[in-house]
Amino acid sequence: MRRPAAGRRGARPRGFTLIEIAVVIVVLSLLLAMIAGIGTAMLGQQRREATRQRLAGVETALALFVSQHQRLPCPANGQLVGTDANAGLEQLTVGTPNTCTVAGVANSQQHGVLPWRSLGLSEQDATDGWGNRLTYRAAGAFITAPAMNMTYCDPGGTDNTPELLASPGGYCDSACTSATFPVSCTLPSAVTAGRGLEVRNLAGSPIMNPGATPSTGAAYVVVSHGENGKGAYNNQGVLQGGAWAAPAENEERKNDASLALAVHFVDDFFIDSGAVHFDDFVLRPSILTVATKAQLGPRAH
């Protein structure tokens, strides 16, 4: 029998070379990195959206509380674990006027977080998308009832004498009628003048200023401390984030829940430039906005 020619022998199957395998590995790595990046971005967006929705719910709950009690609530103690009997309850000392007594310290809002139980919310409703509690501070002039009742104020009046703490009927003159208008009718600015919390941007410029004319102070401030969580308490009562990096985080630190009531709070757009960092979400309605939403705002004469 004749042997088959060498050129007719069956060709052996050729395997992948090391270069081809390396190329495949690189391509797969790039695809996995892209998928992971997209997944991370989507998760971050979901957490930001959850935070916005919860802040909107908190704003509504605070307006309902003001409508029922004609005052702002005090903060709860952020240092308490979620299972503590006092967790989520406002730390109020009733008096003339009322004061906040957070963490057992008289006339203090240090360590204060949103009082979710006093607002009829769950603890989850009072946490942001990253699982941290919302920091809360209230303007001290409006935690005594009926300080948020401005139904006797009239924007058409001429009396702009600074108002003292409200009578049983609330701020402004209940004798304001059509017959006495406008002399006996008190302007809302007489109530808000010099009252409320100051809020500034990262450049230090006031964006809500109790000392302005007219006053634009915030009734309260609610803060989500964003993705890095710095300055927030979690549901175990543990402060998050570690040490603050100076000077990049000096302004963001003003919103820290563990600090005493700040001279001013900070709100601005997200920035992470290395020299400056800010990722907080801040709710900061004006005094008149809260009163109006609670149906306690100035009447239209």
Side-chain angles (χ1 to χ4, degrees), residues 47-95 97-104 108-151 166 170 196-197 218-225 232-237 255 257 261 265 281-297:
R47 287 172 170 169
R48 287 189 288 272
E49 185 57 33
T51 298
R52 293 186 185 98
Q53 291 179 0
R54 288 173 188 173
L55 286 173
V58 164
E59 187 172 23
T60 298
L62 282 164
L64 181 59
F65 183 97
V66 170
S67 179
Q68 293 173 336
H69 301 279
Q70 299 190 9
R71 65 173 180 86
L72 293 172
C74 282
N77 184 359
Q79 295 178 304
L80 300 179
V81 298
T83 55
D84 191 286
N86 291 314
L89 293 177
E90 67 165 328
Q91 303 294 291
L92 175 73
T93 297
V94 177
N98 292 345
T99 57
C100 298
T101 308
V102 179
S108 172
Q109 298 190 44
Q110 188 173 5
H111 311 295
V113 296
L114 193 78
W116 67 87
R117 287 173 61 190
S118 298
L119 295 175
L121 300 175
S122 69
E123 185 173 7
Q124 184 176 8
D125 294 329
T127 61
D128 62 17
W130 294 272
N132 293 314
R133 291 170 176 169
L134 298 172
T135 296
Y136 169 74
R137 297 291 186 272
F142 297 96
I143 59 175
T144 303
M148 285 300 298
N149 183 1
M150 300 179 198
T151 54
L197 303 176
Y220 60 78
V221 169
V222 179
V223 181
S224 158
H225 295 270
Y233 284 104
N234 66 10
N235 63 3
Q236 296 301 307
N255 296 342
L261 189 65
F265 296 88
F281 292 73
V282 182
L283 183 62
R284 47 174 180 83
S286 69
I287 298 161
L288 290 178
T289 297
V290 176
T292 300
K293 192 165 185 177
Q295 299 184 340
L296 296 172

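As the structure is a computational prediction, the values presented were derived from the model and not from experiment.
Checked against side chain to side chain contact (heavy atoms under 4.5 Å, CB included), Thr60 has the following partners two or more places apart in sequence or in another chain: Lys293. Under the rule for a side chain to side chain contact (heavy atoms under 4.5 Å, CB included), the partners of Ser67 that lie at least two apart in sequence or sit in another chain are Ala294. Checked against side chain to side chain contact (heavy atoms under 4.5 Å, CB included), Gln236 has the following partners two or more places apart in sequence or in another chain: Val81, Asn234, Val238. With sequence neighbours left out, Phe65 forms a ring-ring contact (aromatic ring centres under 6.0 Å, His included) with His69.
Side-chain contact between Ser122 and Trp116: absent, with no pair of heavy atoms (C-beta onward) separated by less than 4.5 Å. Counting only heavy atoms from C-beta outward, the side chains of Val66 and Met148 approach each other to under 4.5 Å.
Leu89 and Arg117 get closest at one heavy-atom pair: CD2-CB, 3.8 Å. Shortest non-hydrogen contact noted between His111 and Ala103 is CD2-CB, 4.1 Å. For the residue pair Leu197 and Ala219, the shortest heavy atom distance occurs at CD1-O, 4.5 Å. Of all the heavy atoms in Ala126 and Leu114, the pair that sits closest is CB-CD2, 3.8 Å. Residue Ala61 comes nearest to Leu119 through the heavy atom pair O-CD2, 4.1 Å, listed as atom of the first residue, atom of the second, then distance. Across all non-hydrogen atoms, the minimal contact from Leu62 to Pro73 is CD2-CG, 3.6 Å.
Separation of atoms CG (Leu134) and OG1 (Thr127) is listed at 6.5 Å; rounding is to 0.5 Å. Atom CD of Gln91 sits about 8.0 Å away from atom OG1 of Thr101, to the nearest 0.5 Å. Tyr220 contributes atom OH, which lies 4.5 Å from atom CD of Glu59 (distance to the nearest 0.5 angstrom). Once rounded to the nearest 0.5 Å, the distance linking OG1 of Thr99 with CG of Leu92 reads 7.0 Å. In this structure, OG in Ser224 is found 11.0 Å from CZ in Arg48, a value given to the nearest 0.5 Å.
Of the possible donor and acceptor atoms, one in the side chain of Gln109 sits under 3.5 Å from a partner among the backbone N and O of Ala138. Between the Arg47 side chain and the Trp130 main chain, no donor and acceptor come within less than 3.5 Å of each other. When atom types are taken as modelled, the side chain of Thr292 and the backbone of Thr289 share no donor-acceptor pair closer than 3.5 angstrom. The backbone N or O of Ile143 sits less than 3.5 Å from a side-chain atom of Asn98, completing a donor-acceptor pair.
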> Step by step, would you call Arg54 with Asp128 a side chain to side chain contact (heavy atoms under 4.5 Å, CB included)?
Replying inline: CA-CA 7 Å; Arg54 288 173 188 173; Asp128 62 17; 5.7 Å; no
>> What verdict does the side chain to side chain contact (heavy atoms under 4.5 Å, CB included) test give for Val282 and Phe265, after you've listed the backbone C-alpha separation in whole Å, the side-chain angles of each residue and the deciding distance to 0.1 Å?
In response: CA-CA 9 Å; Val282 182; Phe265 296 88; 5.9 Å; no
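Applying the side chain to side chain contact (heavy atoms under 4.5 Å, CB included) test between Tyr136 and each of Val221, Val58, Leu72 identifies Leu72 as the sole match.
Residue pairs meeting the side chain to side chain donor-acceptor pair (under 3.5 Å) criterion with at least one partner in residues 73-90, sequence neighbours excluded, are Arg71-Glu90. Within the structure, the salt bridge (Lys or Arg N to Asp or Glu O under 4.0 Å) test picks out the following pairs touching residues 129-141 (sequence neighbours left out): Glu123-Arg133.
Counting non-hydrogen atoms of neighbouring residues, nucleotides and ligands closer than 6.0 angstrom, the CD atom of Glu49 exceeds 12 such neighbours.
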